[in-house]
Amino acid sequence: MAFLKFNKSELVNLSYSLKREIISANKTGAYCNTSIVTCNTRRYHGLLAVPVDAFGGSMHLLLSSVDESLVLNGKQFNLGIHCYGDVYEPRGHKYIIDFEADPVPKITYKVGEIVFTKTLLLVPDADQVMIRYELVNAPSKVRLLLTPFLAFRDIHLLTSENPGARTEGWEIPNGMAWCLYDGFPDLNIQFNTKEVGFKNTPCWYKGVTYSDEYRRGFDCREDLYVPGHFEIDLKPGESTVLSAGVSQVAAGQLKRKFDTLVSKIPQITSFHDHLVHCADLLIRDRNGRKQVTAGFSWMYTGLLRETLVSVPGLTLYANGDKASFEEIIDNLIADDQERLFHRTTQVEAPLRLAGALEQYIDFGAEPKAVWKKYGSVVKGILESYLPGRRSEVAMQPNGLLWAQLDHCALSWMNAYINGNPVTERAGYQVDTNAFWYHSIQFALKLEKAYGPKGSKFLQDWTRIAGLVKDNFQPVFWNPQAGYLADYVDNEGQHMEVRPNMLYALLGDEMLVEPEIASSVLHVIDNELVTRRGIRTLSPRDVNYKGVYEGSQTDRDLAYHQGSTRVYLLSPYIEVCFKMKGPSFINRAQWLVNGFYEDLNKHGVGSFSELYDGDPPHEPHGAISSAVGTAALLQVDYFISKYKEAK
């Protein structure tokens, strides 16, 4: 990540530094997430958050922060920083002179003649974070005080002082351990040396405020438990390593372990390397089960839609990992039987399985083996959309799918305000019906090649595919407007210009005539394409919201009403290459280069979920997005493929 650059003179400016977040994740599902000055601005921020198996694997924050203080000649300098209402105290960020992210986050402080660094490392295969403190320069010996702030709570919730907390700690080799509540793992804080003392001065720090939550109108204040502080003396040139984890470790080997782990971090020399690195962190491999984490730090693991959209990019296009692709798909099918075959508010999501499998075959998987393993699942999904099978969506006599459940958003555009969907889209949805047709075509192609002779499925679904093809264009095409309706209900066509019509242009056999496809793409180009993804609504629409800021209501109004999506670049660029060929290479590269320019924003070194629809297109949402990262990997693959074909 040597290409990540920061304005060192602005690090002491909180309006600059608090908008930039460190995000480290590992294969166990643990994460470390805070701002680059280690001031927590979200409830999700903390030095160690882990999945807790006793609570169903949900994420819980154990260690919120560790405050550092340097004592020289009886004078104490506090390097920590917390927000309390409108006040930041202490203001340790004023001592920061440098921040690096290569290969792991490292902050440099200067206090007079003292130069001091701290380096953060999330252990790649354990629920453990390590921090290396080094006294680079000082006029004499310095005493280092380290004060842990404990949370022990669900990452989505906040905590407060309460009599139920077990505040007593106990000694362990070279450190102390705590467990505030039943069901939680122990938090073990250890050092590489025995020359460390602990002073027990327990108290609750009340009213710790998370500025991002306050700005969004959420609950934003909590109390954190501080059991006391550790003390250790350092001479100039000396360092010490703190380990915080759910298991006790061989404390005397912490320095060696830290150095070894850092040395093993693969060198990142290109943006593709960086994408692959980010993709790897979004695949959790806990208790022998691989799953996709939709995004850090508040999005969930194992979500149906997000997994099916992202798994080809995170595995196949990242490093050709077919085994992980299948394992993740297998786990998803096992976990999501209800949504896949019976009931879901994500009506198009089950249909995306066929698209993921088609990409798997395109990437080199044996079609016969794929159909043998997954054919019954794909056919079962299709049959679940027949009349009388699902309450939320069903095939109509014209072959198209009608989705409707009162006061429920039955598509990926599923934001709500006061319990009411912002974009309900009840009726015939253009994207859902495109996925429906592509899924049927995929199943027919493989059933014809590898299914039994005289297959009844082949006979029945060939007829349905013909109905869909015959009726799709008449239902959705509006010749006066020159593009496809976003959805059609009993009142007629709803002509909001949205990216959902893009999916009708995918596939070997498009659902619309070529001249109509060109007209649709022209509208998308003119009204939805930006240099930071595809807008969710045209700026010409009265409901367009170009900035994703403000209260929860303001942001929900913008979420699918103007803010862009990175992941929509993948189908858009795929369509453009299909229709325009290699001549689109330079344009495609230009469309993705902007995301690399933003790697020092929002989530440092990661790819954001969404951007403002209006320039300058600032990043928002999850700071590391699975669908966004996967899309950029797919686009990278498309560009390389067409370059080779020139």
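Reckoned from all heavy atoms, side chains included, excluding hydrogens, waters and symmetry mates.
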K.L.:
Which of these, Lys8, Lys118, Lys106, Lys110, sits in a salt bridge (charged side-chain N to carboxylate O under 4.0 Å, His left out) with Asp98?
P.N.:
Lys8
K.L.:
So that I can tick it off, tell me whether Asp598 and Arg531 are bridged by a salt bridge, with the cut-off set at under 4.0 angstrom between side-chain N and carboxylate O.
P.N.:
no
K.L.:
Should Asp612 and Glu618 count as side-chain neighbours, where that means a heavy-atom distance under 4.5 Å?
P.N.:
yes
K.L.:
If you count every heavy atom of other residues, nucleotides or ligands that lies below 6.0 Å from Glu171 atom CD, does the total exceed 12?
P.N.:
no
K.L.:
Both conditions, 6.0 Å and 45 degrees, for the charged tip of Arg565 above the ring of Tyr559: are they met here?
P.N.:
yes
K.L.:
Given 3.5 Å as the limit, does a donor-acceptor pair link the side chain of Asn331 with the main chain of Glu327, or not?
P.N.:
yes
K.L.:
Any chance OH of Tyr416 has more than 12 other-residue heavy atoms, nucleotides or ligands included, within less than 6.0 Å?
P.N.:
yes
K.L.:
Under a 4.0 Å threshold between the charged nitrogen and the carboxylate oxygen, would Arg215 count as salt-bridged to Glu549?
P.N.:
yes
K.L.:
Could you tell me if the ring centre of Phe198 sits under 6.0 Å from that of Trp178?
P.N.:
yes
K.L.:
So how far is it from Arg555 CZ to Ser563 OG, rounded to the nearest 0.5 Å?
P.N.:
11.5 Å
K.L.:
Got a sec: does the CD of Glu195 have more than 12 other heavy atoms crowding it under 6.0 Å?
P.N.:
no
K.L.:
Do His60 and Phe184 have their ring centres less than 6.0 Å from each other?
P.N.:
yes
K.L.:
Ile97 versus Leu11: any side-chain heavy-atom pair under 4.5 Å?
P.N.:
no
K.L.:
Salt-bridge test for Asp259 and Arg132: reply yes if a basic N is under 4.0 Å from a carboxylate O, no otherwise.
P.N.:
yes
K.L.:
Please say whether more than 12 non-hydrogen atoms of neighbouring residues, nucleotides or ligands are located less than 6.0 Å from CZ in Phe55.
P.N.:
yes
K.L.:
Counting only heavy atoms not in Glu161 (residues, nucleotides, ligands), do more than 12 fall under 6.0 Å from its CD?
P.N.:
yes
K.L.:
Counting only heavy atoms from other residues, nucleotides and ligands, does the tally under 6.0 Å from NZ of Lys257 exceed 12?
P.N.:
yes
K.L.:
Looking at Arg286 and Asp53, is any side-chain nitrogen of the basic one under 4.0 Å from a carboxylate oxygen of the acidic one?
P.N.:
yes
K.L.:
Considering only heavy atoms from C-beta outward, does the side chain of Thr159 approach that of Asp223 to under 4.5 Å?
P.N.:
no
K.L.:
Are the aromatic ring centres of Tyr611 and Phe595 under 6.0 angstrom apart?
P.N.:
yes
K.L.:
Should the heavy atoms of other residues, nucleotides or ligands under 6.0 Å from CG of Asn137 be counted, would the total exceed 12?
P.N.:
yes
